Participant: 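Starting off with a structure, shown below.
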Amino acid sequence: INLIVTVLATTSVQAQSLESQIATLQQNNAAATEEQAKLEASSVDLAERISALQTSIATLQQKIDGNQIKSKAAQEKVAQKEAEINDQRKILGVNVRAMYLDDQITTLEKLASSKNFSYFVDREEYQVSVQNKIKDVLDKIEALKKEREAEKQKIDNIIGHGQTIGMITTYCLTSGQ
């Protein structure tokens, strides 16, 4: 009977020890399950943030691409305006040369060398016409210069906007926003 009592007491102690171990393992399992849930929630949050950043980057890249297209078009306009300015300068050179040659002759010499009075009047009208062309060409050159400067300003604005977009992208990537 002593032996039975001893065996029962030992079994009881072992059962309590096993129950204590089971309770500890259950607590550890509950804590691990809770930590796993937190990590899964954090993982979902990070995945959502990554997705949002990728969307932002794609949008910003589209803006950058659009700005590069606008910049190229504006640069082409600047080149076109410069070509027009050069053409107008050539026309101006021809007109100034004609006016200079015509100014070398005095009004009296023009009248005397004219076949008739009508020819003299035509030459004077031609001279006035050349002067008007020179004024028109100078005005056009000035207008083209202003247009060229406006296009250059557009390019500068596009470049500035592109740099701003780049800074925003860099900020988003580095800050994890």
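Reckoned from all heavy atoms, side chains included, excluding hydrogens, waters and symmetry mates. Just so you know, these numbers come straight off a predicted model, no measurement behind them.
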Participant: Decide side chain to side chain donor-acceptor pair (under 3.5 Å) for Glu82 and Asn86; before the verdict, give the C-alpha distance in whole Å, the side-chain angles of both, and the deciding distance to 0.1 Å.
Facilitator: CA-CA 6 Å; Glu82 287 175 355; Asn86 289 334; over 6 Å; no
Participant: Any carboxylate oxygen within less than 4.0 angstrom of a Lys/Arg side-chain nitrogen, looking at Asp139 and Lys135?
Facilitator: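 Salt bridge present between Asp139 and Lys135.
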Participant: Is there a donor-acceptor pair closer than 3.5 Å between any side-chain N or O of Thr33 and the backbone N or O of Asn29?
Facilitator: yes
Participant: For Lys146, is there an ion pair with Glu142 - N to carboxylate O distance below 4.0 angstrom?
Facilitator: no
Participant: Side chain to side chain contact (heavy atoms under 4.5 Å, CB included) between Arg49 and Asp45: does it pass, once the steps are laid out?
Facilitator: CA-CA 6 Å; Arg49 289 173 68 185; Asp45 181 51; 3.8 Å; yes
Participant: In terms of side-chain heavy atoms, does Glu40 have a donor or acceptor partner in Gln36 at a distance below 3.5 Å?
Facilitator: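 There is such a pair between these side chains.
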Participant: For the side chain to side chain contact (heavy atoms under 4.5 Å, CB included) test, which of Asn132, Asp87, Leu92 pairs with Val137?
Facilitator: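 The side chain to side chain contact (heavy atoms under 4.5 Å, CB included) with Val137 is passed solely by Leu92 among Asn132, Asp87, Leu92.
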Participant: For the pair Ser43 (side chain) and Leu39 (backbone), establish whether a donor and an acceptor sit closer than 3.5 Å, ignoring hydrogens and angles.
Facilitator: no
Participant: Donor-acceptor pair, Ser56 side chain versus Ala52 backbone, under 3.5 Å?
Facilitator: yes
Participant: Is a side-chain donor or acceptor of Thr24 paired with a backbone partner of Ser20 at a separation under 3.5 angstrom?
Facilitator: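 Between the backbone of Ser20 and the side chain of Thr24 there is a qualifying donor-acceptor contact (under 3.5 Å).
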Participant: Determine, step by step, whether Gln153 and Glu149 satisfy the side chain to side chain donor-acceptor pair (under 3.5 Å) criterion, reporting the C-alpha distance in whole Å, the side-chain angles of both residues, the deciding distance to 0.1 Å, and the verdict.
Facilitator: CA-CA 6 Å; Gln153 185 62 40; Glu149 290 306 313; over 6 Å; no
Participant: Short question: side chain of Ser42, backbone of Lys38 - any donor-acceptor pair under 3.5 Å?
Facilitator: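 Checking the backbone N and O of Lys38 against the side chain of Ser42, no donor-acceptor pair under 3.5 Å is found.
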Participant: Side chain to side chain contact (heavy atoms under 4.5 Å, CB included), that's the test. Do Leu144 and Arg148 meet it? Break it down for me.
Facilitator: CA-CA 6 Å; Leu144 289 170; Arg148 178 186 64 189; over 6 Å; no
Participant: Hey, mind stepping through Gln80 and Glu76 against side chain to side chain contact (heavy atoms under 4.5 Å, CB included) and telling me if it holds?
Facilitator: CA-CA 6 Å; Gln80 180 185 12; Glu76 289 172 359; over 6 Å; no
Participant: Please tell me whether Leu46 and Leu53 are part of a single hydrophobic cluster in this structure, the criterion being side-chain heavy atoms less than 4.5 Å apart.
Facilitator: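 Leu46 does not cluster with Leu53.
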Participant: Atom CD in Gln75, atom CD in Glu151: separation rounded to 0.5 Å?
Facilitator: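 These two atoms lie 10.5 Å from each other.
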